[in-house]
S.K.: 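Input: one structure, supplied below.
Numbers here are sequence positions counted from 1.
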Amino acid sequence: MPAWQLAADTQPDSFWISLRFFNIYRLLLAAVFLASVMMFGDDLNFGSHNLRLFKYVSGAYLLLALAFQVSLERIRGYFNLQLTVHVVTDIVATVLLMIASDGFKSGIGVMLLISLAAAALVSRGTLMLFYAALASIAILLEQTYWVLRFDRGVADYVQPGLLSIGYFATALITNQLALRVIRQERVMRQRSVDLSNQLRISQLVLQDMQDAVLVIDGNNLVRQHNPQLSALLGREAPELDQIENYSPEIARALARWRDGAGSTAETLLLPGSGKLVRARFVEAGAEGGSISLVFLEDLSRLQEQAQQLKLAALGRLTANIAHEIRNPLSAISHAGELLLEEQRGPSQERLLSIIQENSRRIDRMVRDVLELTRRDRVHPEAIRLADFLPSFLDEFAQNERIPASSFALQVNETAEIVFDRVHLQQVLWNLLRNAWRHSRQREASVRVVVGRRANRVELHVIDDGEGVPAHLRQQLFEPFFTTYSSGTGLGLYIAREMCDANAATLDYVGSPADAGGADFRILCGGKVA
């Protein structure tokens, strides 16, 4: 297929844009020629040989340029054919204008250098050499016209010959420069795609990292952070704000590290969430300033993972032991009940009550241990808290013989969570029993508050007691840890395990500022309008 028949879909958009600008130049040039002869006649040596011919050619040249502009806007095809028509029009118009203006001495032939340079920018292969050859032949034929018709000297061919060489040189050099620009553009476009992909990959990696990441510039402005930061701060992280407004503890550690007084890694306690984190600082150089990266690793999560590994093996062992304990425990309890029916003295009654009380305590512990083996049997369902909590609180108050007025409920009518109903009952039962035990045991001593955090639901159980001492908070959810003389130490541990099984978290978030006491929070999936 000849080059001039190639369709437009093989040419980049930049070629079409260049061709339109090139035609605008043609329009302006033709308008200048026509205006010059209309205003000054042949005073400027335009049309000095044949003024009428110069006017007609300039007018026709202007009309063709207008027609080319319309075709470029409406006909998006046959790029090389349109380019060839444009260049041939330039060559014919230039030669005719030279003839009307006393030949080569008018200087109009130099204008073809611009036309050939513009064509070479958007043409490929040998097409630009074809244009240079046409221009050279046209200039030499124009000179031949003057030699044959007006008997000019053969020596006058030197200047048109040099100009023809200039045509070829201009076409070749411009074309090579254009090819270089095209290659650079292609490379830059590919690099742009690669950079865009790299940024997208980095963004995905940043979003999915388990550690929280902050990007901080030299002015302590947080340029970027990932969603995990909000979980560590215990609140919604702001956007494009000073690091002090995120966490004063992180800000002070960052300042120490930048001043050289601190290490590249520090262990920090974030008061908002009560989480212990390991902060690592990395310097990333950037033009016009420095960029620091701060990685926050949740140490409590690592401790939990290590604890889970140890407890997994311990759980299997204790479950087997619990099964073995249950049979002799039942026999002891039954024997104690039989002894109670016989005649006995005060001392025997006291010993039997000790047997019965400790048997019941061991039985509760066995039930709790066996409950751990059933944590993965989850049947989640959508639970509307406005319907569930009032009836649950009534049932809890009746079974535990606690006045119903001791509980205050604050819940949104549309609050809804996805949870196993039996698991939720067990978790709340344990939290409410602990809250009542450590509260002042008066009206509204225990509050159940449902709130919202981003797209998750927060369920708080708050009492008005003295709260949990700071030195005991790290041990709250450890198995077999209890401050209650007759407790098993498994209640909070099992409650957290059940929350984990339902894709929820159970945390101690401190003492509310308005009431004191303890605040346990369940954070789970759901919605609040």
Side-chain angles (χ1 to χ4, degrees), residues 1-33 57-58 60-97 108-139 163-197:
M1 179 183 292
W4 59 270
Q5 291 183 351
L6 293 176
D9 56 358
T10 63
Q11 305 297 338
D13 289 338
S14 60
F15 278 25
W16 287 97
I17 295 172
S18 299
L19 193 57
R20 281 198 293 271
F21 281 116
F22 176 34
N23 193 65
I24 292 174
Y25 157 76
R26 184 180 294 112
L27 275 168
L28 295 175
L29 182 63
V32 167
F33 282 155
V57 173
S58 298
Y61 194 26
L62 180 61
L63 292 175
L64 286 173
L66 290 171
F68 293 159
Q69 193 68 25
V70 173
S71 67
L72 286 172
E73 297 294 337
R74 296 186 178 182
I75 303 175
R76 188 76 170 190
Y78 303 103
F79 178 87
N80 287 336
L81 177 59
Q82 293 194 55
L83 176 62
T84 302
V85 172
H86 292 187
V87 175
V88 170
T89 300
D90 290 337
I91 294 172
V92 172
T94 301
V95 169
L96 291 176
L97 292 173
I108 296 177
V110 180
M111 304 303 297
L112 278 179
L113 289 172
I114 299 176
S115 299
L116 292 173
L121 287 174
V122 294
S123 63
R124 295 175 178 174
T126 58
L127 196 57
M128 51 90 183
L129 296 177
F130 170 68
Y131 300 148
L134 280 181
S136 299
I137 293 172
I139 289 295
L163 187 59
S164 298
I165 295 173
Y167 290 160
F168 279 96
T170 300
L172 287 170
I173 294 173
T174 307
N175 188 256
Q176 289 301 312
L177 290 175
L179 290 176
R180 183 181 180 85
V181 170
I182 291 171
R183 285 195 294 269
Q184 291 293 332
E185 182 183 3
R186 188 180 298 116
V187 171
M188 292 301 295
R189 189 182 297 113
Q190 183 60 44
R191 288 180 179 175
S192 176
V193 172
D194 293 340
L195 180 60
S196 178
N197 291 335

S.K.: What pair of heavy atoms forms the shortest contact from Ala135 to Leu112, and how long is it?
M.R.: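 Smallest heavy-atom distance, with atoms named: CB-CD1, 4.2 Å.
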
S.K.: How far does CE of Met188 sit from CG of Leu195, to the nearest 0.5 angstrom?
M.R.: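 Going from the CE atom of Met188 to the CG atom of Leu195 covers 9.5 Å.
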
S.K.: Between Leu172 and Leu129, is the side-chain contact (heavy atoms from CB on, under 4.5 Å) condition met? List the steps.
M.R.: CA-CA 8 Å; Leu172 287 170; Leu129 296 177; 3.5 Å; yes

S.K.: Test your reading of the model: is there a side-chain donor-acceptor pair from Gln82 to the backbone of Leu19, 3.5 Å cut-off?
M.R.: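 The answer is no, because no donor-acceptor pair under 3.5 Å joins these two groups.
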
S.K.: Check whether more than 12 heavy atoms from other residues, nucleotides or ligands sit under 6.0 Å from atom OH of Tyr25, and answer yes or no.
M.R.: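 More than 12 within 6.0 Å, yes.
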
S.K.: Using distance alone, with no hydrogens and no angle criterion, decide if Arg20 and Asn23 have a side-chain donor and acceptor under 3.5 Å apart.
M.R.: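 Side chains of Arg20 and Asn23: no pair found under 3.5 Å.
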
S.K.: Begin from the C-alpha positions of Leu97 and Ser58 and carry the test side-chain contact (heavy atoms from CB on, under 4.5 Å) through to its verdict.
M.R.: CA-CA 8 Å; Leu97 292 173; Ser58 298; 3.7 Å; yes

S.K.: Parallel, tilted or perpendicular, judged at 30° and 60°: which one describes the rings of Phe79 and Trp16?
M.R.: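 Judged by the thresholds at 30° and 60°, the geometry between Phe79 and Trp16 is perpendicular.
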
S.K.: Taking Ser136 for the side chain and Ala132 for the main chain, is one N or O donor matched with an acceptor at less than 3.5 Å?
M.R.: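 Yes, the answer is positive, given that a donor and an acceptor are paired below the 3.5 Å cut-off.
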
S.K.: Atom OG1 in Thr89, atom CZ in Arg26: separation rounded to 0.5 Å?
M.R.: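 Reported value, rounded in 0.5 Å steps: 7.0 Å.
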
S.K.: Working to the nearest 0.5 Å, report the span between NE2 of His86 and CG of Leu81.
M.R.: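 His86 atom NE2 to Leu81 atom CG measures 9.0 Å (nearest 0.5 Å).
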
S.K.: Check whether any side-chain heavy atom of Leu127 sits under 4.5 Å from a side-chain heavy atom of Asn80, and report yes or no.
M.R.: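 Leu127 vs Asn80: side chains touch.
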
S.K.: Do the side chain of Ser196 and the main chain of Ser192 share a donor and acceptor less than 3.5 angstrom apart?
M.R.: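 No.
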
S.K.: Check whether any side-chain heavy atom of Ser18 lies under 4.5 Å from a side-chain heavy atom of Val122, and answer yes or no.
M.R.: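 Heavy-atom side-chain distance check passes, below 4.5 Å.
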
S.K.: Can you sort out the partners of Tyr167 under ring pair (Phe, Tyr, Trp, His ring centres under 6.0 Å), two or more places apart, ordered by chain and number?
M.R.: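 Per chain and number, Tyr167 pairs via ring pair (Phe, Tyr, Trp, His ring centres under 6.0 Å) with no residue.
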
S.K.: Measuring only between side-chain heavy atoms, which start at C-beta, is Val95 closer than 4.5 Å to Ile108?
M.R.: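 Side chain of Val95 against side chain of Ile108, heavy atoms only: no contact under 4.5 Å found.
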
S.K.: Quick one, Leu83 and Tyr131 - any side-chain contact, counting heavy atoms below 4.5 Å?
M.R.: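 Of all side-chain heavy-atom pairs linking Tyr131 with Leu83, at least one is under 4.5 Å.
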
S.K.: Would the distance check show the side chain of Ser71 and the main-chain N or O of Phe68 forming a donor-acceptor pair, the cut-off being under 3.5 Å?
M.R.: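 Looks like yes, one N/O pair under 3.5 Å.
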
S.K.: Let me confirm one number: the CG-CD distance from Leu72 to Gln69, rounded to the nearest 0.5 Å.
M.R.: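 Rounded to the nearest 0.5 Å, the CG-CD separation comes out at 6.0 Å.
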
S.K.: Heavy atoms only: give me the nearest Ala117-Thr170 pair and the separation to one decimal.
M.R.: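 For Ala117 and Thr170, the tightest heavy-atom pair comes out as CB-CG2, 3.8 Å.
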
S.K.: For the pair Val70 and Glu73, evaluate side-chain contact (heavy atoms from CB on, under 4.5 Å) and give the outcome as yes or no after the intermediate values.
M.R.: CA-CA 5 Å; Val70 173; Glu73 297 294 337; 5.9 Å; no

S.K.: If I take atom CG from residue Asp90 and atom CG from residue Leu116, how far apart are they, to the nearest 0.5 angstrom?
M.R.: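 Reported value, rounded in 0.5 Å steps: 8.5 Å.
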
S.K.: At what distance, to the nearest 0.5 angstrom, does OG1 of Thr94 lie from CG of Leu29?
M.R.: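 Rounded to the nearest 0.5 Å, the OG1-CG separation comes to 7.5 Å.
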
